[in-house]
Protein chains: 4
Amino acid sequence: MSNDKRGPLAADRLESAPRRPASLWKNAVTRDQERQAKRMAVLLTAADMFLARGSHRVAMTDIADELGITKPALYNYFSSKDDLLVECFRQSNQVIIEQLDRIERSAGPGLEKLRAIIRAYARLITVDYGSVMIRLEDRDLPDILRNEVRGYKRAIDARVRATIEGGIADGSILPCDVKLATFAIMGALNWIGQWFRSDGPYSVDRIGDEYADRLTKGLAKN
Amino acid sequence: MSNDKRGPLAADRLESAPRRPASLWKNAVTRDQERQAKRMAVLLTAADMFLARGSHRVAMTDIADELGITKPALYNYFSSKDDLLVECFRQSNQVIIEQLDRIERSAGPGLEKLRAIIRAYARLITVDYGSVMIRLEDRDLPDILRNEVRGYKRAIDARVRATIEGGIADGSILPCDVKLATFAIMGALNWIGQWFRSDGPYSVDRIGDEYADRLTKGLAKN
Amino acid sequence: MSNDKRGPLAADRLESAPRRPASLWKNAVTRDQERQAKRMAVLLTAADMFLARGSHRVAMTDIADELGITKPALYNYFSSKDDLLVECFRQSNQVIIEQLDRIERSAGPGLEKLRAIIRAYARLITVDYGSVMIRLEDRDLPDILRNEVRGYKRAIDARVRATIEGGIADGSILPCDVKLATFAIMGALNWIGQWFRSDGPYSVDRIGDEYADRLTKGLAKN
Amino acid sequence: MSNDKRGPLAADRLESAPRRPASLWKNAVTRDQERQAKRMAVLLTAADMFLARGSHRVAMTDIADELGITKPALYNYFSSKDDLLVECFRQSNQVIIEQLDRIERSAGPGLEKLRAIIRAYARLITVDYGSVMIRLEDRDLPDILRNEVRGYKRAIDARVRATIEGGIADGSILPCDVKLATFAIMGALNWIGQWFRSDGPYSVDRIGDEYADRLTKGLAKN
DNA sequence: AATGAATGAGCTTTCATTCAT
DNA sequence: GATGAATGAAAGCTCATTCAT
């Protein structure tokens with residue numbers, strides 16, 4: 001983060017000191033970009049491995065090996081395994097929040113928003129790093145970080161719940177126990193991460209559409 | 001599984017082999033019963049701890065301490081931690097199978113059976129050891145044991161799926177993608193284990209009823 | 001410590017329950033003795049190595065190697081390196097306290113007691129594990145343990161100071177700044193640990209006598 | 001030591017080689033001065049930190065951070081941590097030697113010189129970098145450097161011893177075991193570093209005077 | 001059947017040092 | 001002269017498992 005700032009600041013100085021060759025600046029910017037790129041590479045590699053095997057089954061050595069570097073090099077980018085893991089959660093949260101924001105801003109009755117959330121979630125869980133939030137365990141984290149993560153989770157839940165409540169208010173959704181309904185929907189969605197295979201028979205969109213129907217229309221004939 | 005049967009089976013054989021002095025037999029029976037009781041105590045204690053903290057966060061020492069015995073003593077009853085864990089899965093499977101059997105034998109349309117399954121599952125997850133099957137990770141197990149566990153899971157899924165198909169056949173359930181519908185329902189149910197607190201505001205029955213409605217009737221007004 | 005008590009307690013029970021074969025008790029006692037002996041061996045080996053090289057230069061592996069066992073075996077006797085180190089301090093404290101108690105109980109003017117303390121200290125530092133208290137660093141210990149150790153040190157200082165004050169009171173010692181006098185004496189004594197070699201030219205008694213004189217009579221001719 | 005001399009020496013050579021344009025020389029001198037200044041800054045910062053926390057508890061990173069530079073930059077001034085540490089000892093030695101020289105050159109009986117040494121030492125230990133020699137451990141150094149440091153220490157000891165011998169010769173000091181007397185005095189002095197706090201109740205001069213009395217006049221009434 | 005003791009393999013983390021730039 | 005990045009070597013500690021008793 002501090003590095004993000006250093007870049008612009010340096011750029012300012014550059015404008016007022018035009019003697020320095022542009023190439024030098026390029027170097028600094030490039031270096032910073034490279035650093036961020038590497039940091040991101042570590043993060044994504046770790047997230048992939050954590051998702052595939054569970055975070056406690058992935059040793060720092062494993063991540064380093066996968067990246068072709070040595071273990072201590074990881075500590076240039078993340079101060080600890082916990083830090084790395086919690087950063088995965090943060091990234092995941094950000095991605096999810098963006099989707100929820102987008103849907104919230106859209107017009108339409110609550111029911112449609114709920115269905116949009118379901119479709120978005122299906123995608124998040126299957127192709128994006130949104131699944132980190134759902135599938136990785138936060139129990140190994142120290143209290144303070146675990147609470148942070150749980151805060152994210154609660155916030156997401158609250159927003160889905162609010163969408164359902166909005167739907168009830170605007171008449172598009174039947175009155176029901178909102179909390180339980182939210183749990184049921186989130187559970188169904190989260191579970192996708194357990195069985196989905198990208199080389200399986202179902203496309204992401206197909207799953208999203210089907211779930212959107214199934215979880216809102218029900219199965220019963222009448 | 002094999003061990004559950006061995007106990008009773010052994011007792012049967014004893015009854016049908018009355019030549020040895022009764023007292024001796026009684027001793028043998030008693031000894032065997034004691035062994036089975038202790039074995040079961042280990043199993044249930046381990047299952048509880050595994051569920052509460054996740055199996056990889058429970059050391060063999062922890063289990064032994066909880067039972068007031070020493071670590072190596074555990075190995076008299078289970079040959080390894082994996083063995084103990086897989087046995088938890090087997091017990092869980094048995095409990096689940098019993099419920100599915102009971103419901104399958106009952107009369108009524110497929111929809112009602114499905115609802116009965118949902119109610120039974122809600123109970124299994126919250127109060128019985130059925131939750132082991134759903135909430136414990138099988139990823140730490142060696143391939144052969146993990147495959148065994150996954151077989152159980154697939155079988156359970158298949159039976160729920162068959163129930164839905166039966167409901168479609170008898171007209172009580174709308175035609176739909178059965179596989180996805182099953183996944184959605186099972187996901188919603190399994191998720192209960194993530195948020196349920198026995199001291200929380202929802203009773204098991206309340207959850208079962210609400211889920212049975214929600215997952216079959218849907219949320220949409222029409 | 002708790003183990004010291006278990007022995008006697010067990011012996012009591014034995015007397016009132018004479019049915020059990022003595023051999024069993026012997027075994028238990030023997031085993032306990034062996035355990036204590038081993039624990040002590042670890043402690044003394046560690047203390048020696050800590051004194052010789054400084055505690056931070058001694059790895060757990062080094063201690064284990066010296067004892068001919070493996071690293072984790074050490075953890076059967078001490079829960080951590082800190083635990084091992086602080087136990088060294090506790091042993092050292094006990095030895096010192098015993099000497100101070102003995103001298104305190106003796107008759108004689110304060111000056112004689114002070115000289116006795118100097119002689120005793122010279123011995124403690126050179127041949128007994130009393131030197132641990134003086135020569136090992138407590139700065140690597142976590143706060144709580146470091147405070148414990150500093151408490152010991154303060155208590156020892158206080159007792160020497162009290163002895164000097166007693167001497168001033170009974171007229172055998174000249175009035176002076178007691179705190180500084182104590183520091184000077186303790187410093188001179190503690191320093192012995194820095195230069196003393198058991199194969200050197202000075203015997204322990206020689207050092208003790210000379211220091212007792214030097215630190216109380218001074219060097220000046222008048 | 002070698003580096004301290006190299007600076008001035010280099011400057012001397014410059015003055016005696018006037019052929020090159022003065023401006024260039026000035027630059028070179030300035031550059032050299034700057035380098036020496038930076039080198040000294042590193043040295044003093046390191047010495048402070050080593051004294052405060054013990055050299056093995058101070059990482060190169062810590063020193064760099066304290067100076068606001070990066071770790072590898074340190075290696076421009078010192079070839080290794082050992083080099084840095086031994087240079088601290090050399091500086092310390094120089095300061096101590098200067099004091100001993102000054103006192104040796106003064107007139108007066110041996111006893112007065114000894115008292116002057118005690119007063120000077122009290123100051124060295126509490127306010128100057130003289131304490132490095134006494135309070136820092138040389139055990140982490142490789143043999144060759146450790147021997148160098150021990151040479152310094154022995155030389156200092158020898159000079160104190162010589163002062164006492166001079167006092168015995170001139171009749172101002174009572175005959176005694178000079179070696180042990182020296183050890184006792186040095187020990188008492190060195191220990192000051194363990195308890196002295198600059199914000200404590202004792203001023204440096206007070207300590208020096210009191211120690212000068214206590215260590216030469218003794219405590220005993222007769 | 002149960003115990004105390006021990007082990008091997010593994011984990012996260014630290015740190016002095018080097019190197020390309 | 002200084003930097004960011006990387007490394008090899010080591011440290012303390014944990015844990016499932018085994019073994020003699």
Side-chain angles (χ1 to χ4, degrees), chain A residues 3 24 27-28 30-32 34-35 38-39 56-64 67-84 140, chain B residues 31 34-35 38-39 56-64 68-84 140, chain C residues 27-28 30-32 34-35 38-39 56-64 67-84 140, chain D residues 31 34-35 38-39 56-64 68-84 140:
Chain A
N3 288 304
L24 264 188
N27 275 350
T30 303
R31 198 180 294 162
D32 197 60
E34 250 180 33
R35 182 180 171 78
K38 284 186 188 172
R39 197 184 130 94
H56 80 274
R57 270 171 295 257
V58 179
M60 293 300 266
T61 311
D62 297 335
I63 303 173
L67 288 161
I69 58 176
T70 58
K71 215 179 351 174
L74 295 176
Y75 288 83
N76 279 329
Y77 303 100
F78 297 92
S79 67
S80 68
K81 192 181 177 184
D82 287 337
D83 184 25
L84 183 46
D140 285 313
Chain B
R31 201 181 300 153
E34 251 181 31
R35 181 180 167 79
K38 284 186 188 172
R39 194 183 134 93
H56 84 272
R57 271 171 292 259
V58 178
M60 293 298 266
T61 311
D62 298 334
I63 303 172
I69 59 175
T70 59
K71 216 179 350 175
L74 295 176
Y75 287 83
N76 284 325
Y77 303 102
F78 298 93
S79 67
S80 68
K81 193 182 179 185
D82 287 338
D83 184 23
L84 183 47
D140 283 315
Chain C
N27 275 349
T30 304
R31 198 180 295 161
D32 196 61
E34 252 180 31
R35 183 180 172 78
K38 285 186 186 171
R39 198 184 129 95
H56 81 273
R57 269 171 295 258
V58 179
M60 291 301 266
T61 310
D62 298 335
I63 303 172
L67 289 161
I69 58 176
T70 58
K71 207 178 1 173
L74 294 176
Y75 288 84
N76 279 327
Y77 302 101
F78 297 93
S79 67
S80 68
K81 193 182 177 184
D82 287 337
D83 185 24
L84 183 46
D140 285 313
Chain D
R31 200 182 301 153
E34 250 181 32
R35 183 182 164 77
K38 285 186 188 173
R39 196 184 131 91
H56 82 274
R57 269 172 293 258
V58 178
M60 292 299 266
T61 311
D62 299 335
I63 302 172
I69 59 175
T70 59
K71 216 179 349 175
L74 295 177
Y75 288 83
N76 285 324
Y77 304 102
F78 298 92
S79 67
S80 68
K81 193 182 178 185
D82 287 338
D83 184 24
L84 183 46
D140 283 314

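Lettering of chains follows the sequences in order, A, B, ..., and the numbering in each one begins at 1. Please read all numbers here as calculations on a predicted model, not as lab measurements.
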Minimum heavy-atom separation for [X] to [Y], with atom names?
{"X": "Asn76(D)", "Y": "Arg35(D)", "value": "O-NH2, 2.9 Å"}
{"X": "Ile69(B)", "Y": "Ala73(B)", "value": "CD1-CB, 3.9 Å"}
{"X": "Thr70(D)", "Y": "Ala64(D)", "value": "C-CB, 3.6 Å"}

*Under the side-chain contact (heavy atoms from CB on, under 4.5 Å) criterion, do Ile63(C) and Lys81(C) qualify, and how do the steps go?*
CA-CA 10 Å; Ile63(C) 303 172; Lys81(C) 193 182 177 184; 5.8 Å; no
*Would you kindly compare Lys38(C) and Met60(A) by the position of their nearest DNA chain E nucleotide and give the one closer to the 5′ end?*
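Nearest-nucleotide comparison on DNA chain E picks Lys38(C).
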Could you state the atom-to-atom distance from [atom1] of [X] to [atom2] of [N] in whole Å?
{"X": "Asp82(D)", "N": "dC15(E)", "atom1": "CG", "atom2": "C1'", "value": "13 Å"}
{"X": "Ile63(B)", "N": "dC15(F)", "atom1": "CD1", "atom2": "C1'", "value": "12 Å"}
{"X": "Phe78(C)", "N": "dC13(F)", "atom1": "CZ", "atom2": "P", "value": "13 Å"}
{"X": "Asp32(A)", "N": "dT3(F)", "atom1": "CG", "atom2": "C1'", "value": "14 Å"}
{"X": "Tyr75(D)", "N": "dA20(E)", "atom1": "OH", "atom2": "P", "value": "17 Å"}
{"X": "Leu74(C)", "N": "dA6(E)", "atom1": "CG", "atom2": "P", "value": "9 Å"}
{"X": "Glu34(C)", "N": "dA5(E)", "atom1": "CD", "atom2": "P", "value": "9 Å"}
{"X": "Asp83(A)", "N": "dT12(E)", "atom1": "CG", "atom2": "P", "value": "14 Å"}

Has [X] got a side-chain N or O lying under 4.0 Å from the OP1 or OP2 atom of [N]?
{"X": "Tyr77(B)", "N": "dA2(E)", "value": "yes"}
{"X": "Arg35(C)", "N": "dG4(E)", "value": "no"}
{"X": "Asn76(A)", "N": "dA5(F)", "value": "no"}

*Minimum-distance nucleotide to Ala73(C) side chain [options: dT3(E), dA6(E), dT7(F)]*: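 It is dA6(E).
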_Counter-base of dA20(E), judged by Watson-Crick or G-U geometry with both distances under 3.5 Å_ = dT3(F)
*Paired with dA1(E): which nucleotide, if any, by Watson-Crick or G-U wobble criteria at under 3.5 Å for both distances?*
none
_Return whichever of Asp62(C) or Thr70(A) has its heavy-atom-nearest nucleotide of DNA chain F closer to the 5' end._
Thr70(A)
*Which residue, Lys81(C) or Ala59(B), contacts DNA chain F at a nucleotide closer to its 5' end, judged by nearest heavy atom?*
Lys81(C)
*Is there a side-chain contact between Asp62(D) and Arg57(D), using heavy atoms and a 4.5 Å cut-off?*
no
*Is a donor-acceptor contact shorter than 3.5 angstrom present between the side chain of Lys71(D) and the base of dT3(F)?*
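In this structure, the two groups form no donor-acceptor pair.
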